[in-house]
Visitor: 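If you scroll down you'll find the structure; I have some questions about it.
All ligand and atom numbering here is 1-based and tracks the order in the structure. This is a predicted model, so every value here is computed, not measured.
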Amino acid sequence: MKIISSPAELKNYLVGMNQSIGFIPTMGALHEGHIALIKKAKEQNEIVVVSLFLNPTQFLKDEDLEKYPKKDEADKKICELSGVDIMFFPQVSDMYGVDEVSVLAPKIRGYVLEGESRPGHFNGVLTVVMKLLNIVKPTRAYFGKKDAQQLNLISLMVKQLFMDVEIVPVDTVREKDGLALSSRNVYLNKDERVEALKIASSLRRASAMVSKGVLNSEEITTAMRETLAPLEIFYVEVLDRQFNRLSHVEIANTVILVEVKVGTTRLLDNIWL
Ligand code: AMP
């Protein structure tokens, strides 16, 4: 596995390769969720590139940038063992200068849900993803469905800015007890880890209601809020796959999203029905 930290060097290395490139952007502290993205990329492409970059512009001032888990050496091992061909490992100064051009998230879809509680977060996400896609120029880029709003906004950016890359969504990987894997799960203490299971329980409850024919969004979100209590809830929403509110679940066109605070940790999850 080759490790490259300079954007110019990576561009030079990839130029004229004439092979399909699968790309997985990450912020490190890799887990089975990231590995699922890598596996899918390996199945579908000749070369797999993973970037590991803790992107400062997607963190708000009072957020966890400083304490975000760092496991660089373990991450390199995981990538190597997963068959990654190239790991892109830039410094902040390689990626950002002063007085920067940036990508702005759309005014509505970028400022609801997670974008409402973290205003400006998605500007940082879209800007760094645009930079990374321009450096790697992949055939396909892989994103987790767990971050459904991020996936939706990146797909919108690629479509609306006429970019030549296929965005591939990958199913959420969970612990055996249902908790969605996240680099931030390490912040949870033992009691909080138990409390966090309410998130998956609420989604299972929603799914069970739908299987029984209850399609009314309000009924579903009320039941989910009941299951989530007494956690602090940022949102529980029933949306279509384009992220418009739905009054009723539409089978095969619905995402139910939850974001809560467990202790001081914000956790999000969703199901696609
Ligand atoms: P991050 O390092 O948190 O920025 O995540 C990098 C990519 O991994 C994003 O596309 C995430 O959506 C995806 N990802 C994170 N957790 C999971 C998971 N549990 N299952 C599937 N994909 C995930």
Visitor: State, without any angle test, whether Asn216 and Glu219 hold a side-chain donor-acceptor pair at a distance under 3.5 Å.
Guide: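 No, no side-chain donor-acceptor pair sits under 3.5 Å.
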
Visitor: Just to verify, what does Glu63 make a salt bridge (charged side-chain N to carboxylate O under 4.0 Å, His left out) with, not counting sequence neighbours?
Guide: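 So Glu63 forms a salt bridge (charged side-chain N to carboxylate O under 4.0 Å, His left out) with Arg118.
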
Visitor: Can a cation-pi geometry be assigned to Lys67 and Tyr187, taking NZ or CZ under 6.0 Å from the six-membered ring centre and within 45° of the ring axis?
Guide: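 Yes, Lys67 and Tyr187 form such a contact.
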
Visitor: Output, or 'none' if empty, a list of ligand 1-protein atom pairs in which both atoms are N or O and the distance is under 3.5 Å, rounded to 0.1 Å.
Guide:
from: ligand 1; atom 1: 2 (O); to: Met27; atom 2: N; distance (Å): 2.9
from: ligand 1; atom 1: 2 (O); to: His34; atom 2: NE2; distance (Å): 2.9
from: ligand 1; atom 1: 5 (O); to: His34; atom 2: NE2; distance (Å): 3.4
from: ligand 1; atom 1: 10 (O); to: Gly144; atom 2: N; distance (Å): 2.9
from: ligand 1; atom 1: 12 (O); to: Gly144; atom 2: N; distance (Å): 3.1
from: ligand 1; atom 1: 12 (O); to: Gly144; atom 2: O; distance (Å): 3.4
from: ligand 1; atom 1: 12 (O); to: Asp147; atom 2: OD2; distance (Å): 2.6
from: ligand 1; atom 1: 16 (N); to: Leu181; atom 2: O; distance (Å): 3.4
from: ligand 1; atom 1: 19 (N); to: Val173; atom 2: O; distance (Å): 3.0
from: ligand 1; atom 1: 19 (N); to: Leu181; atom 2: O; distance (Å): 2.9
from: ligand 1; atom 1: 20 (N); to: Val173; atom 2: N; distance (Å): 2.9

Visitor: Assess Arg140 against Phe23: is NZ or CZ under 6.0 Å from the centre of the six-membered ring, and within 45 degrees of the ring's axis?
Guide: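 Because its charged atom misses either the 6.0 Å distance or the 45° angle limit, Arg140 does not stack over Phe23.
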
Visitor: Between Thr227 and Arg205, do the side chains contain a donor N or O and an acceptor N or O under 3.5 Å apart?
Guide: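 The answer is yes; a qualifying pair exists.
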
Visitor: Strictly by modelled atom types, are Arg109 and Asn152 linked by a side-chain donor-acceptor pair under 3.5 Å?
Guide: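 Checked: Arg109/Asn152 side chains show no N/O donor-acceptor pair below 3.5 Å.
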
